[in-house]
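Reading through the structure tokens given below for one structure.
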Amino acid sequence: MATCTRTVWKVLAGCQRHLLSSGGPTYTGVKQTAQRNLPVRTFAAVRAQKKDKKPDAEKEEKKKREKRVIDDTNRHKPFGKTAWAPVDDVYVLRHYPRTILDAADAVDMLKNFQALDFTDREQPVYVDLKLDMKLEKKKKVDLFVSTVHLPHPFKTGLNKVLVFTEDADQVKVAQENGAFVVGGAELIQPILDDEISADFYVAVPEILPKLTALKNKLRKKFPKSKRGSVGVNLPKMLNLFRSGHEYLVEDERYVRTQFATLDMPKDQILSNLQTVLIDVCSHRPANMGPFIERAIVSSQTSEALWFRSEGVLPKPAEKKDEDE
């Protein structure tokens with residue numbers, strides 16, 4: 001036991017000599033606290049540099065990649081679809097490209113739907129157009145309201161047209177051509193009081209300054225030269241608005257309107273459709289390319305059928321011959 005104790009003390013003494021000889025710190029039982037001098041920064045911090053913005057060329061290229069449309073013309077099948085056309089009579093619609101018909105075939109299908117479903121033969125037929133309203137330099141085509149004279153009217157009655165004029169001769173002409181009400185500034189208060197109302201309001205240019213009180217009341221029906229409801233040719237305006245059909249652009253780019261009834265002959269339905277499409281396309285500059293991006297025809301109880309609007313519109317050569 002004594003031998004073991006002496007050996008332990010010798011080891012401890014050797015460790016102490018080793019620590020002293022190596023210059024290591026010596027520890028005592030007294031707690032020592034020394035003042036620590038922290039380094040002081042004498043220079044300004046470097047400002048974090050922002051990442052360089054991407055050039056405009058890269059941004060444009062990124063937008064092109066996002067809006068890139070895959071061209072499937074030379075592919076054996078459309079991108080993401082099963083085939084170009086189904087083989088069977090029953091198939092899942094989303095597995096094949098949408099079928100786009102000729103306008104004549106679409107009208108035939110609407111008539112077949114009516115016969116198979118035993119629905120009303122006199123139900124209305126609608127057209128739904130999606131327009132490309134963009135112009136150069138981020139401009140857009142102004143929203144418009146138009147009245148078109150259909151070659152085969154589908155309405156049984158005539159529209160009520162009110163004429164604003166204070167000229168005695170013009171009053172007589174308006175009455176002879178079927179005006180509903182003819183008068184001057186004395187009609188303003190009855191219109192504001194809802195005592196008189198009409199489908200269309202027509203005016204001669206001289207009386208327009210007196211009608212400013214009706215702008216908020218009539219709104220889109222207020223006479224405007226752009227809409228063709230201001231002029232001196234009262235017989236022409238009355239003929240248009242009494243039997244005319246009005247449509248407008250909704251939701252910035254859509255035209256949805258009735259143009260026929262399903263019991264009308266096929267050639268009359270196509271003639272009315274062509275008239276509406278020609279009038280719609282007349283509101284965009286001719287050098288801006290196609291105006292109609294998507295065209296749909298449907299009846300009140302049928303499904304929507306996509307059709308080719310370019311097949312309904314006259315070709316440039318045919319249009320030129322008509323002008324001549």
Val107 vs Leu270, side chain to side chain contact (heavy atoms under 4.5 Å, CB included): CA-CA, chis, key distance, verdict:
CA-CA 8 Å; Val107 174; Leu270 293 175; 3.8 Å; yes
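- The closest donor-acceptor contact from the side chain of Gln189 to the backbone of Ile191 lies at 3.5 Å or more, if one exists at all.
- The two residues Ala103 and Phe307 make their nearest non-hydrogen contact at CB-CD1, 4.0 Å.
- No continuous path of hydrophobic side-chain contacts links Met237 to Val148 [ILVMFWY only; heavy atoms under 4.5 Å].
- When hydrophobic side chains of Ile, Leu, Val, Met, Phe, Trp and Tyr are connected at separations under 4.5 Å, Ile296 ends up clustered with Ile100, Trp306.
- Rounded to the nearest 0.5 angstrom, Met109 CE and Ser299 OG are separated by 11.0 Å.
- Under a hydrophobic-cluster definition in which Ile, Leu, Val, Met, Phe, Trp and Tyr are linked whenever side-chain heavy atoms come within less than 4.5 Å, directly or via other members, Ile278 and Val249 are assigned to the same cluster.
- Between Ser229 and Tyr201, the closest side-chain pair of non-hydrogen atoms is not below 4.5 Å.
- Ion pairing between a basic and an acidic side chain is recognised when a charged N comes within 4.0 Å of a carboxylate O; Lys140 and Glu252 show no such pairing.
- Annotation: the span from Lys266 atom NZ to Lys111 atom NZ amounts to 9.5 Å, rounded to 0.5 Å.
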With side chain to side chain contact (heavy atoms under 4.5 Å, CB included) as the criterion, how do Val280 and Leu131 come out once you've worked through the C-alpha distance, each side chain's angles and the decisive distance to 0.1 Å?
CA-CA 9 Å; Val280 169; Leu131 308 180; 3.8 Å; yes
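- Residues Val182 and Val232 are members of separate hydrophobic clusters, defined by side-chain heavy-atom contacts under 4.5 angstrom among Ile, Leu, Val, Met, Phe, Trp and Tyr.
- Judged by distance alone, with hydrogens and angles left aside, the side-chain atoms of Asn177 form a donor-acceptor pair with the main-chain N or O of Val173 at under 3.5 Å.
- Two residues are said to be in side-chain contact when any heavy atoms from C-beta on lie closer than 4.5 Å; Asp128 and Arg294 meet this criterion.
- Residue Lys81 places its NZ atom among more than 12 non-hydrogen atoms of other residues, nucleotides or ligands, all under 6.0 Å distant.
- Residues Ser298 and Val125 fail the side-chain proximity criterion, which asks for heavy atoms closer than 4.5 Å.
- Within 6.0 Å of the CD atom in Glu186, the count of heavy atoms belonging to other residues, nucleotides or ligands exceeds 12.
- Expressed to the nearest 0.5 Å, how far CZ of Phe164 lies from CG of Leu187 amounts to 6.0 Å.
- In this structure, Lys160 satisfies the cation-pi test against Phe180, with its NZ or CZ atom closer than 6.0 Å to the six-membered ring centre and inside 45 degrees of the ring normal.
- Side-chain contact check for Asn239 versus Ser243: some heavy-atom pair is nearer than 4.5 Å.
- Between Ala83 and Lys77, the shortest heavy-atom contact is CA-CB, 4.1 Å.
- Taking CG of Leu234 as the start and NZ of Lys172 as the end, the distance is 14.5 Å to the nearest 0.5 Å.
- Here the side chains of Val297 and Tyr126 are not in contact, with every heavy-atom distance at 4.5 Å or above.
- One finds no salt bridge joining Asp199 and Lys221 here, because no Lys/Arg side-chain nitrogen approaches an Asp/Glu carboxylate oxygen to under 4.0 Å.
- Residues Val230 and Leu208 have side chains in contact (heavy-atom distance under 4.5 Å, counting atoms from C-beta outward).
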Give the C-alpha distance, both sets of side-chain angles, the deciding distance and a yes or no for side chain to side chain contact (heavy atoms under 4.5 Å, CB included) between His95 and Val92.
CA-CA 6 Å; His95 291 169; Val92 181; 3.8 Å; yes
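- Remark: the Thr261 side chain and the Asp263 side chain contain an N/O donor-acceptor pair separated by less than 3.5 Å.
- Ion pair Lys217/Asp194 flagged as a salt bridge, since at least one NZ, NE, NH1 or NH2 atom sits closer than 4.0 Å to an Asp/Glu carboxylate oxygen.
- A distance of 10.0 Å separates CD of Glu122 from OG1 of Thr156, quoted to the nearest 0.5 Å.
- Counted within 6.0 Å of CG on Asp193, heavy atoms from surrounding residues, nucleotides or ligands total more than 12; the atom is thus considered enclosed.
- Here the straight-line distance linking atom CG of Asp102 with atom CG of Leu305 works out to 12.5 Å at 0.5 Å rounding.
- Hydrophobic clustering (ILVMFWY, side-chain heavy atoms < 4.5 Å, transitive): Leu143 and Val276 are in one cluster.
- Without hydrogens or angle criteria, Asp88 side chain to Val90 main chain gives no donor-acceptor distance under 3.5 Å.
- If you chain together hydrophobic residues whose side chains sit under 4.5 Å apart, Leu192 and Leu218 fall into the same group.
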After noting the C-alpha distance and the side-chain angles of Glu166 and Lys210, does the key distance pass the side chain to side chain contact (heavy atoms under 4.5 Å, CB included) rule?
CA-CA 11 Å; Glu166 294 179 338; Lys210 300 180 180 180; 2.9 Å; yes
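- Listed here is the closest heavy atom pair of Phe222 and Leu211: CE1-O, 3.1 Å.
- One N or O on the side chain of Asn159 and one on the backbone of Phe241 form a donor-acceptor pair closer than 3.5 Å.
- The residue from Glu293, Lys139, Arg253 that alone fulfils the side-chain contact (heavy atoms from CB on, under 4.5 Å) condition with Met133 is Arg253.
- No side-chain heavy atom of Leu313 sits less than 4.5 Å from a side-chain heavy atom of Gln274.
- Looking at heavy atoms from C-beta onward, Lys130 lies out of side-chain contact with Ile292 at the 4.5 angstrom threshold.
- Contact check on Arg256 versus Asp251 returns a salt bridge, with a Lys/Arg side-chain nitrogen under 4.0 Å from an Asp/Glu carboxylate oxygen.
- Here the shortest heavy-atom pairing between Ile269 and Ala260 reads CG1-CB, 4.1 Å.
- The side chain to side chain contact (heavy atoms under 4.5 Å, CB included) check on Thr119 picks up Gln114, Asp117, Gln123, Thr301, with sequence neighbours excluded.
- Counting only distance, with no hydrogens or angles, the side chain of Asp279 and the backbone of Thr275 share no donor-acceptor pair below 3.5 Å.
- Taking each heavy atom of Phe259 and Leu150 in turn, the nearest pair found is O-CD1, 3.9 Å.
- The aromatic rings of Tyr247 and Phe144 sit perpendicular, their planes meeting at an angle over 60°, well past the 30° parallel limit.
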Hey, mind stepping through Thr147 and His245 against side chain to side chain donor-acceptor pair (under 3.5 Å) and telling me if it holds?
CA-CA 5 Å; Thr147 303; His245 175 67; over 6 Å; no
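- Within the 3.5 Å criterion, the main-chain N or O of Pro290 finds a donor-acceptor partner in the side chain of Arg284.
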Assess the residue pair Asn272 and Gln268 against the criterion (side chain to side chain donor-acceptor pair (under 3.5 Å)); give the C-alpha distance rounded to whole Å, side-chain angles, the decisive distance to 0.1 Å, and a yes or no.
CA-CA 6 Å; Asn272 284 356; Gln268 293 184 5; over 6 Å; no
